[in-house]
Amino acid sequence: MDVRITPPFAPVESHIRDDAGTDAPDARFDDARALLRSTPVRLVVLGVVLTVLLVASAAVSATTVSGRQATHDRLLSSIEPLASAAQNLYSALSVADAAAVTGFISGGLEPEAVRSRYIRATNEAAEYLVIAATGLTDADRETAHNLTEIGRLLPVYTGLIETARTNNRTGHPVGAAYLGEASHLMQTELLPAAQELHTRGVAAVEDTQRDAVRPPWLAIGLLLVTVTALCVAHVVVSRRCRRTLNPGLLVAIGATGVLLCWLLVAGLASSSATEHAIERGAAPLADLTEGRILAQQSRTAETLLIARRDTTGAYDDTFGTSMARLGDILDEYGRDSALEAGAEAVEAARSAHDAWINSHARMVAALARGDYAAASVLAVGAGPGESTARFVALDAALTEGIDDTRTELRDNEFRASRTLAGLAPASVVLLTVALIGVWVGLRPRLKEYQ
Amino acid sequence: MRKRVLVAGLCVVAALAGGCATDPPPRAPGLQGTTTSLPLPENARMLESSVATPPAPDCGDPTASLSPDPNATGPAIDRIRKRGRLIVGLDTGSNLMSYRDTATGRITGFDVDIAREIARDLLGDPDLVDYRILSSAEREKALQDSTVDIVAKTMSITCARREKVDFSSEYFRAQQRVLVVRGSDIRSAADLAGRRVCIVEGTTSLLRMREVQPSASILTVPSWADCLVVLQQQQVDAVSTDDTILAGLASQDPYLELVGPSLGSEPYGIGIRQGSDELVRFVNATLERIRSDGTWTALYEKYLRVLGPTPSPPTPNYRE
């Protein structure tokens, strides 16, 4: 303040200040620099940097790895079973409807086998519905809606079928109208809901896998930086203190290096297993389940065609379109030589598919020339060359392919999860060891300056 | 002092961990609140009441057909004989007239047996018949497209239909009435104002109902059996059509009854593709035969006795 009021004196004062020397800001800065350049402070800074790196690495590695494992476990424990149960639910519902319609074609009381197929299928549907519902933890509104729709309509459907049967038994032709109403309900409400449920299940599997397919690069990169920093620290410390080796830092380097190698190997292996699970499991599985649904839809069209003596060609068109799409799926599958799982089953499905188209064409021809009796035998008869046997063979082959690809998917997912086993706790332990090593290594050097 | 810090630290950790653990678990999905009414038959729909019915064309006496000729020949007959089967359009939801016998799975009924008599004369065997299931609205188109040779399906002869297809002579005369649940307050068509009535699409019953009771709301379905379903499911209050069909529906449910006077008479004819005059003459010859040899009376007694004592068959009317 005084300085500003009396400017003439200012130079003098500044002169005095120059004499003071040690108090000057420049000098103080130089002093701090010197302090920083001093070995003990450098060592402390080094220690802190290394600590931060190690703690960050441990945190990132542990969370990444355990996150991955949780993802795989979630996929195995809920998402994949839900998709699978949805697929089985669709099938059971479709079988129930086909059995119910078949029972009415033959006239009189329906054959016992057909009736028991219907009962078994509705029971299975109820069971799969529950299994699918237990996978429902994310309270997904759409999924919940589909499940409750099916849960609500299934008893309505069975009620209508029973009304149809009762009328049939008492000789009232109105039974056929009840059957038509029930089948309409199945085709327009229940099956679409089941198919939507399955589609969403497949999408959830794919999304979850996509989360886990990238190797844990962040954790690997951070560990790489940490190891490099530890090596640099070791060089600096041994040069400054004229000691060739620092055991503490060497332990830290070793522990971090081991973790880096482990994470690199396990992370890459897990990623590749996930990739396998997608390419050889999930993707072909989705194709085959779509194929099985198409086969079921073709069978429904064929059964309704004969039950309603349809001549408009509408059901025949549905059959043709669904079967052509199924043929494309099977062809594409056969062309992909990388697909080993299910390849045999797909080949069997391919020949059953062709044979079925053949028997269906004979059935349509019989219907066209007015021979309903022959047409109905071709459509629902029990002979080995007739549509029923061909459809059963096709469905069995597709089911086998689905089982194979599902096993491939689950095995690879399990491998992806297993390779990461123990890595999360190990990364915490190893990096704690490294941290202790750093401070044990630096402490004696610091003490030398006290 | 140090201990206290440790305890405080543990508390903080516990609180943080506890905070994570007490996240509310995902809720079970709630009820969707959808209506729980029973489903309707396929293609059932409420009719727009504002749709005006086109005025019926006038063609004099629509029942006047061509004179019978048991020896008639021509391309339509040749085609059937060459195929070896008579293709008949009908439906399976008109109990008594044409329906599926639940015990045998075969299609049978009054109309079906008339068609079988035609096959007997045409091909020598009543079993050489094949059936195509048609809804009422599809009957005329099926004849125009030659999907079927004849239609034997409670088809009323009208001037409007004569513009598209030909008819045999009249082989039955039905009366349109109303079917309700026993104990209903509906006693005639007059009581149907504002009530729900089931009628099959593309029928003369529908046209007449709109004429006599325009304020009834009408649910249309593909077949008469579907009308019984919606009546039993309490989705309509009444069904209105010919007494032949209504009696067939009532015979399947003891809780139903026919009420009110006739709303009008319906002359049934066999529908035949336009231009197949020789087939019309041949079918008329068969109808002549069954009227005179007692077959008609036997068929009436076999299927339609619920309608009352056996009348004499309707008198044919020929224009040339």
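Throughout, protein chains are lettered first and strands after them, A, B, ... in sequence-line order, and every chain is numbered starting at 1.
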* To do: Please indicate whether Q234(B) has more than 12 foreign heavy atoms, meaning atoms of other residues, nucleotides or ligands, lying under 6.0 Å from its CD.
  => no

* Select, from Q233(B), R106(B), E138(B), the one with the greatest count of heavy-atom pairs under 4.5 Å involving chain A. => Q233(B)

* **T188(A) side chain reached by P39(B) side chain, heavy atoms, under 4.5 Å** => no

* Any donor-acceptor pair under 3.5 Å from H172(A) side chain to Q252(B) backbone -> yes

* Atom CD in E42(B), atom CD in Q187(A): separation rounded to 0.5 Å? -> 9.0 Å

* chain A heavy atoms under 4.5 Å from L40(B): which part of the residue, side chain, backbone, both or neither? -> backbone

* **Proximal component of L153(A), with respect to chain B [non-hydrogen, under 4.5 Å]** => neither

* Could you check V174(A) against L249(B) for side-chain contact (heavy atoms from CB on, under 4.5 Å), going step by step and ending with a plain yes or no? => CA-CA 8 Å; V174(A) 73; L249(B) 299 185; 6.0 Å; no

* To do: Report yes if the side chains of P173(A) and R100(B) come closer than 4.5 Å at any heavy-atom pair, otherwise no.
  => no

* To do: Any chance you could measure Y178(A), atom OH, to D226(B), atom CG, to the nearest 0.5 Å?
  => 10.5 Å

* **Nearest-0.5 Å distance, CG of residue N167(A) to CG of residue L228(B)** => 7.5 Å

* Structure fact -> On a heavy-atom basis, the closest approach of L367(A) and D130(B) is O-OD2, 4.2 Å

* May I ask you to check whether over 12 heavy atoms, not counting those of R305(B), lie within 6.0 Å of atom CZ? => no

* To do: Search all heavy atoms of A177(A) against all heavy atoms of V229(B) and return the closest pair with its distance.
  => CB-CG2, 3.6 Å

